[in-house]
Amino acid sequence: MTKTTNILHIDSSILGDNSVTRTLGADLVARFAAEPGAVVTHLDLAATPLEHLSGSLFAARAIDADQRTEAQQRDVEASDKALDDFLAADVIVIGAPMYNFSIPSQLKAWIDRVAQAGKTFRYTENGPEGLAGGKKVVIVSSRGGVYSEGLSHMDFQEAYLKTVLGFLGITDIEFVRAEGVNFSPEHKVQAVAAARAVIAGTERLAA
Ligand SMILES: Cc1cc2nc3c(=O)[nH]c(=O)nc-3n(C[C@H](O)[C@H](O)[C@H](O)COP(=O)(O)O)c2cc1C
């Protein structure tokens, strides 16, 4: 029997059809989806954003359902769904643009839901321990400038994602990157073509 491979595909760009990460992420997921047993769940965090985590929403996790307001209950259900999809995924493709040197706030709101003590990480006598290991993550990254050479100290996008996913126990993290897309239209075409070549050369990532 063919083993099921759960693929979680996350988009967070606000740029719709003009988005580089949406285009490249779709290409990559199409490759994975062609593999036997692949099941894709798509999460569009720009179209259906999670709320920014507030004190009230954070507190709602710790109180009984019948004590919650309607807004708290709605948010707990959305958080639980985000967490369940994350935990069930074997492969996660994250479309992660650089916005203001970091990630879109919609993607941060998702991280604020899946990073939950006791569920995806815990603190032990020996320090923090990630509980969500064993997954492959591919981050489809696009940025207007170039940060892989020279300006890496200004990169709070890829570095942050690697850190927070590592904290949750995920060590198998790859990047498909388009850089310098705002230098000129020619740069953008070249950067996207280079990223497409990486995707085309990608082995059975869902394995
Ligand atoms: C709101 C916003 C903020 C941005 N901030 C940066 C930035 O800090 N550094 C950078 O190099 N490019 C920046 N850019 C350019 C994007 O990284 C670039 O357009 C990239 O392709 C975005 O990914 P997307 O096309 O999938 O949305 C920004 C773009 C937008 C829309």
Side-chain angles (χ1 to χ4, degrees), residues 7-34 40-54 78 82 85-86 89 91-115 135-167 170 172-202 205-206:
I7 298 166
L8 178 60
H9 176 197
I10 299 175
D11 274 314
S12 64
S13 169
I14 59 171
L15 298 183
D17 290 345
N18 293 320
S19 159
V20 173
T21 57
R22 282 178 185 270
T23 305
L24 294 175
D27 284 1
L28 185 59
V29 170
R31 257 181 93 81
F32 294 166
V40 179
T41 301
H42 185 217
L43 198 57
D44 188 336
L45 296 171
T48 315
L50 291 153
E51 279 190 59
H52 286 170
L53 190 57
S54 65
D85 286 345
F86 174 69
V91 179
I92 307 177
V93 174
I94 305 178
M98 176 185 274
Y99 291 164
N100 298 315
F101 303 102
S102 180
I103 58 172
S105 56
Q106 291 89 341
L107 183 55
K108 178 61 166 55
W110 175 81
I111 289 169
D112 287 341
R113 297 318 201 287
V114 298
K135 304 176 189 307
K136 172 183 272 303
V137 174
V138 186
I139 295 167
V140 179
S141 162
S142 179
R143 43 252 199 127
V146 172
Y147 300 85
S148 60
E149 291 159 19
L151 295 181
S152 58
H153 62 285
M154 293 167 75
D155 170 17
F156 298 93
Q157 169 217 14
E158 292 187 8
Y160 168 66
L161 288 170
K162 204 168 176 182
T163 298
V164 72
L165 293 168
F167 181 77
I170 300 172
D172 185 354
I173 302 173
E174 291 182 29
F175 289 89
V176 171
R177 180 184 299 128
E179 283 197 294
V181 300
N182 287 358
F183 284 176
S184 70
E186 292 75 25
H187 267 95
K188 183 172 181 174
V189 168
Q190 277 169 16
V192 170
R196 282 223 163 95
V198 170
I199 291 170
T202 302
L205 280 173

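Ligands are counted one by one from 1 in listed order, and the atoms in each one are counted from 1 as well.
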Passing candidate, side chain to side chain donor-acceptor pair (under 3.5 Å) with Ser148, options Arg143, Glu179, Glu158: Glu179
Atom-level proximity to ligand 1, residues with heavy atom under 4.0 Å: Ser13, Leu15, Ser19, Val20, Thr21, Pro97, Met98, Tyr99, Asn100, Phe101, Ser142, Arg143, Gly144, Gly145, Tyr147, Val181, Asn182
Listed pairs under 3.5 Å, donor-acceptor, residues 92-107 side chains, sequence neighbours left out:
residue : atom : partner : partner atom : Å
Tyr99   : OH   : Ser13   : OG           : 3.4
Tyr99   : OH   : Ile14   : N            : 3.1

Pairs flagged by salt bridge (charged side-chain N to carboxylate O under 4.0 Å, His left out) wherever residues 181-196 is involved - sequence neighbours left out: Asp27-Arg196
Any pair counted as ring-ring contact (aromatic ring centres under 6.0 Å, His included), so long as it reaches residues 174-194, sequence neighbours left out: Phe183-His187
Close side-chain approach of Leu165 to Ile111, heavy-atom, < 4.5 Å: no
Validation row: His52, Lys108 side chains within 4.5 angstrom (heavy atoms): no
